Visitor: 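Below you'll find the structure I mean.
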Amino acid sequence: MEEDLREGRNDGRIQTRFPPEPNGYLHIGHAKAICMDFGIARNYGGICNLRFDDTNPVKEDVEYVDAIMEDIRWLGYQWANVYYASDYFQQLWDLAILMIKRGLAYVDEQSAEEIAKQKGTPTTPGVESPFRDRPIEESLALFEKMNRGEIPQGTMVLRAKIDMASSNMHFRDPLMYRIITDHPHHRTGYTWKVYPMYDFAHGQSDYFEGVTHSICTLEFEVHRPLYDWFIDQLKQDDYRPRQIEFNRLNITYTVMSKRKMLQLVQEGLVSGWDDPRMPTLCGLRRRGYSPAAIHNFIDKIGYTKYEGVIDLSLLEHSARETLNESATRVSAVLDPVKLIITNYPEQQVEMMDMVNNPEREDVGSHEAPFTKELWIEQDDFMENAPKKYFRMTPGQEVRLKGAYIVLCTGCKKDATGKVTEVYATYDPDTRSGLPGSERKVKGTIHWVSANHALLAEVRLYDRLFSVENPSEEKEKDFRELLNPESLKVLNNCRVEPWLAEAKPLDNFQFQRIGYFNVDLDSTADHLVFNRTVSLKDSWAKSNPS
RNA sequence: UGUCCCGUGGUGUAAUGGUAGCACAGCAGGUUUUGGUUCUGUUAGUCGGAGUUCAAAUCUUCGCGGGACAACCA
């Protein structure tokens with residue numbers, strides 16, 4: 001792609017831009033574009049600017065400007081300059097005037113419907129507007145009036161005079177300007193009454209800034225000839241920005257359209273733009289994804305022109321891979337049942353050393369209290385267990401992670417047959433670190449001390465949609481395809497006391513369960529954890545309950 | 001019945017015209033105080049035809065399939 005450098009074009013200069021419209025939050029698809037735009041600049045010793053493509057005041061807001069900047073910084077990038085397309089309104093206006101004077105643009109007084117009708121179809125040519133050949137002075141005067149607010153919104157537009165029969169629909173006298181008087185622009189207020197369209201603003205903005213490579217997604221491929229045409233009207237020397245397209249990111253079990261995401265937010269189907277189930281960067285952040293995990297993912301997917309759909313499992317893999325190296329291991333029991341070590345002294349408390357991360361000796365360990373009464377997972381006890389069940393079942397030995405090997409002796413059940421307590425005896429010689437602990441035991445389970453454990457809320461997230469490609473379903477509205485089980489809230493979880501110090505967004509591995517982080521809602525009195533992604537579980541896979 | 005873009009294992013992505021490789025997912029096994037990690041093995045692919053060539057995933061051509069384009073959105 002970048003052999004331009006070898007050919008010495010633009011004096012070997014590389015300049016890109018990331019050009020979001022401030023009308024929504026950035027999502028993982030934008031992250032792909034950001035990594036491309038900023039990454040190219042970084043790799044080739046060039047610069048990348050942030051430019052807000054704010055040519056439609058109706059949809060835009062400063063709220064989004066700030067959020068976008070935060071997300072880009074979070075990904076670890078710093079733009080050379082911040083620009084706004086609205087900075088170029090005067091230059092664009094001047095160019096429009098020049099084009100009218102050259103007979104290349106005219107004011108059209110027809111309605112949107114009439115203009116649309118005259119466009120023709122991709123297979124039939126359009127017809128020319130009756131205003132197409134109006135005198136230059138007339139267009140000039142009207143365009144001025146349009147921008148003075150003397151013309152009602154929606155009644156006139158400025159169009160380029162190109163070719164109504166072109167096989168490229170975008171050449172059929174595209175709109176350059178429309179009147180917008182009922183919405184203030186988030187930066188220029190009511191100064192302007194006419195606003196340039198995307199096609200009349202984007203390439204020129206690139207040109208004004210000195211962009212060498214204008215990288216965008218595939219849907220703009222058809223716009224490229226028009227992009228070049230407008231540049232031709234402007235160009236003074238050899239320099240010209242070049243538009244290059246790559247494929248948009250699609251991921252299974254989610255949607256990547258701003259419109260759909262906005263709908264989910266507005267209709268309360270998710271809790272907000274930063275709902276951990278959303279593919280937004282703020283959502284992923286809240287879910288526990290790190291910038292490293294996002295980069296890891298983007299590096300794996302590549303840039304091509306093929307419009308495919310990436311498996312969600314690849315994103316999850318990227319998260320596991322990065323979190324495995326960084327997340328501190330802790331014990332948390334999500335669905336507790338009491339385990340009583342019948343031969344353990346009533347009041348005794350032993351502090352057990354828990355390794356923070358077996359992958360990394362340098363991060364050390366922390367302590368967890370061990371007592372007679374513990375919480376373990378319901379799942380980790382079975383009264384009548386199948387052969388390959390390596391956890392608690394009467395007569396079987398199991399290791400309590402970081403503590404002792406215990407022998408399960410039985411359980412107590414209530415009237416409904418539900419197990420309320422599990423009993424075991426411990427072998428004092430098998431405390432972790434002692435020679436007696438070397439003994440091989442099939443299973444190891446996690447636990448927390450009943451008297452010391454903290455109560456916590458845990459939010460289990462799953463795929464947002466129950467079908468692989470919600471956008472592809474023609475029959476049903478995408479909202480009907482939401483996964484009803486995308487969020488499960490557990491209110492009776494017990495976590496080890498060490499977690500009292502955890503701060504919002506800290507990542508942990510709940511051993512044997514998954515990666516979790518502290519939610520923004522979490523307080524000292526009410527701990528809240530989000531499941532980022534589960535651990536792989538080859539037992540559950542081969543033994544569906 | 002237009003123009004443009006794209007077709008490589010289930011998924012995504014590589015291969016100066018010269019051994020079709022990698023990752024995810026799957027499967028089997030070893031190691032393991034996480035049924036995690038890790039390691040080993042393994043299943044599976046160039047949309048089809050014709051042409052150029054000593055040699056084609058790659059070049060040409062004809063098909064087939066998918067996508068984009070007819071917003072006063074970007």
Side-chain angles (χ1 to χ4, degrees), chain A residues 19-21 23 53-56 58-60 85 108 111-112 115-126 153-159 166-172 175-180 194-195 197-199 201-202 216-225 245 247 252 258-259 299-318 320-321 324-325 329 331 355 357-359 388-391 399-403 405 430 432-433 437-446 468 509-515 534-543:
Chain A
E21 184 187 15
N23 69 342
D53 228 340
D54 54 351
T55 57
N56 183 9
V58 178
K59 293 203 212 158
E60 296 152 8
D108 196 331
S111 69
I115 291 174
K117 214 163 140 192
Q118 288 169 357
K119 280 252 158 118
T121 71
T123 52
T124 57
Q153 182 169 323
T155 59
M156 290 189 196
V157 291
L158 183 71
R159 299 177 72 181
S166 172
S167 59
N168 184 335
M169 297 296 289
H170 297 283
F171 272 72
R172 323 250 260 227
L175 269 62
M176 293 165 59
Y177 274 90
R178 78 287 211 186
I179 302 170
I180 298 174
V194 293
Y195 290 90
M197 300 288 290
Y198 168 84
D199 284 310
H202 201 96
C216 61
T217 44
L218 244 29
E219 67 268 28
F220 293 102
E221 214 159 24
V222 230
H223 292 250
R224 197 195 323 151
E245 307 86 8
N247 59 342
T252 54
K258 267 190 206 172
R259 199 196 95 240
D299 287 345
K300 290 181 204 293
I301 61 179
Y303 297 88
T304 68
K305 301 191 90 165
Y306 178 72
E307 302 170 73
V309 187
I310 309 278
D311 261 330
L312 179 61
S313 58
L314 187 59
L315 179 62
E316 294 179 337
H317 168 78
S318 304
R320 288 193 189 101
E321 197 169 66
N324 180 46
E325 292 169 12
R329 272 59 171 172
S331 296
V355 171
N357 188 336
E359 312 293 312
K388 296 231 287 237
Y389 184 82
F390 302 143
R391 312 175 196 178
R399 186 188 302 275
L400 296 177
K401 177 85 183 171
I405 294 173
T430 61
S432 290
S437 70
E438 309 283 308
R439 185 173 2 133
K440 295 281 177 220
V441 182
K442 282 271 189 175
T444 300
I445 65 172
H446 62 280
E468 273 202 8
Q509 184 197 91
F510 287 1
Q511 289 193 102
R512 303 207 303 132
I513 304 175
Y515 295 100
S534 65
L535 249 35
K536 280 201 192 166
D537 189 347
S538 52
W539 165 254
K541 202 184 303 177
S542 51
N543 295 275

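Each chain gets a letter, A, B and so on, in the order its sequence line appears, and its residues count up from 1. Here the structure is a predicted model, which means the values were calculated and not measured.
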Visitor: Without decimals, in angstroms, what is the distance between A/Asn357 CG and B/U37 C1'?
Guide: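 Nearest whole value for this atom pair: 10 Å.
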Visitor: Determine which nucleotide pairs with B/C54, using a 3.5 Å limit on both distances of a Watson-Crick or G-U wobble pair.
Guide: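 B/G18 - that is the nucleotide pairing with B/C54, both distances being under 3.5 Å.
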Visitor: Under 4.0 Å between any heavy atoms, over every strand shown, what does A/Asn168 touch: base, sugar-phosphate, or nothing? Just pick one.
Guide: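 If one applies the 4.0 Å heavy-atom cut-off, A/Asn168 turns out to touch nothing in the nucleic acid.
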Visitor: Using a cut-off of 4.0 Å on non-hydrogen atoms, how would the nucleic acid contact of A/Arg391 be classed: base, sugar-phosphate, or nothing?
Guide: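 Here A/Arg391 touches the bases of the nucleic acid.
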Visitor: Between the base of B/A74 and the side chain of A/His223, is one N or O donor paired with an acceptor at under 3.5 angstrom?
Guide: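 In this structure, the two groups form a donor-acceptor pair.
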Visitor: Can you tell me if the side-chain N/O atoms of A/Thr123 get under 4.0 Å from OP1 or OP2 in B/U1?
Guide: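 For B/U1, OP1/OP2 do not have a side-chain N/O of A/Thr123 under 4.0 Å.
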Visitor: So what does A/Tyr389 touch, heavy atoms closer than 4.0 Å: a base, only the sugar-phosphate, or nothing?
Guide: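 The answer is base, as A/Tyr389 lies within the cut-off (heavy atoms under 4.0 Å) of a base atom.
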Visitor: Classify the angle between the aromatic ring planes of A/Tyr198 and A/His223 as parallel (below 30°), tilted (30 to 60°) or perpendicular (above 60°).
Guide: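 Rings of A/Tyr198 and A/His223: perpendicular, over 60°.
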Visitor: Checking all strands, does A/Gln153 fall into the base, sugar-phosphate, or nothing category for heavy-atom contacts under 4.0 angstrom?
Guide: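 Nothing, no heavy atom under 4.0 Å.
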Visitor: Counting only Watson-Crick pairs (N1-N3 plus N6-O4 or O6-N4) and G-U wobbles (N1-O2, O6-N3), all under 3.5 Å, who is the partner of B/C72?
Guide: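 Paired with B/C72, as far as the under-3.5 Å criterion goes, is no nucleotide at all.
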Visitor: Taking OP1 and OP2 of B/U32, is either one under 4.0 Å from a side-chain nitrogen or oxygen of A/Lys440?
Guide: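 Result: yes.
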Visitor: Looking at A/Thr252, does any N or O in its side chain come under 4.0 Å of the phosphate oxygens OP1/OP2 on B/U11?
Guide: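 No, outside the criterion.
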Visitor: Let's test your reading of the model: under 3.5 Å, does the base of B/U34 pair with the side chain of A/Thr444 as donor and acceptor?
Guide: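 By the distance-only test, no, there is no pair.
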Visitor: Could you say whether A/Glu438 or A/Ile310 is positioned toward the 5' end of RNA chain B, judged by the nucleotide with the nearest heavy atom to each?
Guide: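 Counting from the 5' end, the first nearest nucleotide belongs to A/Ile310.
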Visitor: Mind checking A/Ala403 for me? I need base, sugar-phosphate or nothing, with any heavy atom below 4.0 Å counting as a touch.
Guide: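 No contact.
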Visitor: Using a cut-off of less than 4.0 Å, is there contact between a side-chain N or O of A/Arg178 and OP1 or OP2 of B/A74?
Guide: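 Affirmative; the distance criterion is met.
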Visitor: Have a look at A/Lys59 and say if it touches a base, only the backbone sugar-phosphate, or nothing, with a 4.0 Å heavy-atom cut-off.
Guide: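 Since a base atom lies under 4.0 Å of A/Lys59, the category is base.
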Visitor: Which atom names give the shortest non-hydrogen contact between A/Glu321 and A/Lys300, and what distance separates them?
Guide: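 What the structure gives for the nearest pair is OE1-NZ, 3.1 Å.
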Visitor: For B/G35 and A/Arg512 - does any side-chain N or O of the residue sit under 4.0 Å from the phosphate oxygens OP1/OP2?
Guide: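 The answer is yes; a side-chain N or O of A/Arg512 sits under 4.0 Å from OP1 or OP2.
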Visitor: With heavy atoms under 4.0 Å as the rule, sort A/Arg172 into base, sugar-phosphate or nothing.
Guide: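 Here A/Arg172 touches no strand at all.
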Visitor: So what does A/Gly402 hit on the nucleic acid, given a heavy-atom distance under 4.0 Å: a base, only sugar-phosphate, or nothing?
Guide: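 A/Gly402: base contact, heavy atoms under 4.0 Å.
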Visitor: Which part of the nucleic acid, if any, lies within reach of A/Ser313 when heavy atoms closer than 4.0 Å are counted: base, sugar-phosphate only, or nothing?
Guide: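 Contact class for A/Ser313: sugar-phosphate only.
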Visitor: Verify the distance criterion only: is there a donor paired with an acceptor across the side chains of A/Asn357 and A/Glu359 at less than 3.5 Å?
Guide: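 There is no such pair between these side chains.
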Visitor: B/G36, B/G7, B/C72: which one has an atom nearest the side-chain heavy atoms of A/Asn324?
Guide: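 Nearest listed nucleotide: B/G36.
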Visitor: Paired with B/C4 by Watson-Crick or G-U wobble geometry, both distances under 3.5 Å: which nucleotide is it?
Guide: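 Checking every strand shown, B/C4 finds its partner in B/G67, with both distances under 3.5 Å.
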Visitor: Under 3.5 Å for both donor-acceptor distances, Watson-Crick or wobble: does B/U34 have a partner, and if so which one?
Guide: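 Base partner found: none.
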Visitor: With a non-hydrogen cut-off below 4.0 angstrom, is A/Pro225 in contact with a base, only sugar-phosphate, or nothing?
Guide: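 No contact.
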Visitor: How far, in whole Å, is B/C69 from B/A50 if one measures between their P atoms?
Guide: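 Result for the P pair: 36 Å, nearest Å.
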Visitor: Say we look at B/C22 and B/G30: how far apart would their P atoms be, to the nearest angstrom?
Guide: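 One P to the other, the span is 24 Å.
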Visitor: Find the distance A/Leu314:CG to B/A25:P and express it as a whole number of Å.
Guide: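 Rounded to whole Å, this separation is 8 Å.
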Visitor: Salt bridge or not for A/Lys258 and A/Glu21, using N-O below 4.0 Å?
Guide: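 No, no charged N to carboxylate O under 4.0 Å.
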Visitor: Is the aromatic ring of A/Tyr198 within stacking range of B/A74, meaning centres under 5.5 angstrom and planes under 30 degrees?
Guide: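 Stack criterion not met.
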Visitor: OP1, OP2 of B/G26 versus side-chain N and O of A/Lys541: anything below 4.0 Å?
Guide: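 Yes, such a contact exists.
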Visitor: Using OP1 and OP2 only, check whether a side-chain N or O of A/Lys300 sits under 4.0 Å from B/U11.
Guide: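 False: A/Lys300 side-chain N/O out of range (4.0 Å or more) of B/U11 OP1/OP2.
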Visitor: Any idea which of B/C72, B/U33, B/G35 is nearest the A/Asp537 side chain?
Guide: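 Minimum distance to the A/Asp537 side chain belongs to B/G35.
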Visitor: Nearest to the side chain of A/Met197, heavy atoms from C-beta on, is which of B/U34, B/C72, B/A25?
Guide: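 When the side chain of A/Met197 is considered, B/C72 is the closest of B/U34, B/C72, B/A25.
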Visitor: Counting only heavy atoms from other residues, nucleotides and ligands, does the tally under 6.0 Å from NZ of A/Lys117 exceed 12?
Guide: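 12 or below, so no.
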Visitor: Examine B/U34: is either OP1 or OP2 under 4.0 Å from a nitrogen or oxygen in the side chain of A/His446? Give yes or no.
Guide: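 Indeed not, no polar side-chain atom of A/His446 lies that close.
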Visitor: Decide, applying a 5.5 Å centre-distance limit and a 30° plane-angle limit (both strict), whether A/Phe390 stacks on B/G35.
Guide: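 Stacked: ring centres under 5.5 Å, planes under 30°.
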Visitor: Between B/G12, B/G35, B/C69, spot the one nearest the side chain of A/Ser538, thanks.
Guide: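 The nucleotide sitting nearest to the side chain is B/G35.
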Visitor: Within this structure, what is the CG-to-P distance between A/Leu315 and B/A23, rounded to whole angstrom?
Guide: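 Spelled out: CG on A/Leu315 to P on B/A23 is 19 Å.
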Visitor: Would you say A/Lys119 reaches B/C69's phosphate, i.e. side-chain N/O to OP1/OP2 under 4.0 Å?
Guide: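 No, outside the criterion.
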Visitor: Please report the distance separating the C1' of B/G48 from the corresponding atom of B/G41, rounded so that it comes out in whole Å.
Guide: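 About 35 Å, rounded to a whole number of Å.
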Visitor: Between A/Ser111 and A/Pro122, name the one whose nearest nucleotide on RNA chain B is closer to the 5' end.
Guide: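 Nearest nucleotide further toward 5': that of A/Pro122.
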Visitor: Can you tell me the Watson-Crick or wobble partner of B/C27, both distances under 3.5 angstrom?
Guide: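 Paired with B/G41.
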Visitor: State, with a plain yes or no, whether a side-chain heavy atom of A/Ile180 is found less than 4.5 Å away from one of A/Val194.
Guide: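 The answer is no; the side chains never approach within 4.5 Å.
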Visitor: If I pick the P atom on B/U61 and the same atom on B/C4, what distance separates them, to the nearest angstrom?
Guide: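 Per the computed distance, 12 Å lies between those P atoms.
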Visitor: Ignoring backbone atoms, establish whether A/Asn247 has a side-chain N or O less than 4.0 Å from OP1 or OP2 of B/U13.
Guide: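 The answer is yes; a side-chain N or O of A/Asn247 sits under 4.0 Å from OP1 or OP2.
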Visitor: Side chain of A/Ser167 only, please: which of B/U37, B/G2, B/G7 is the nearest?
Guide: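 Of the options given, the side chain of A/Ser167 lies nearest B/G2.
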Visitor: May I ask you to say what A/Leu535 touches in the nucleic acid, namely base, sugar-phosphate or nothing, with a heavy-atom cut-off under 4.0 Å?
Guide: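 The answer is base, as A/Leu535 lies within the cut-off (heavy atoms under 4.0 Å) of a base atom.
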Visitor: With a cut-off of less than 4.0 Å, is there a side-chain N or O of A/Thr55 near OP1 or OP2 of B/A74?
Guide: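 Affirmative; the distance criterion is met.
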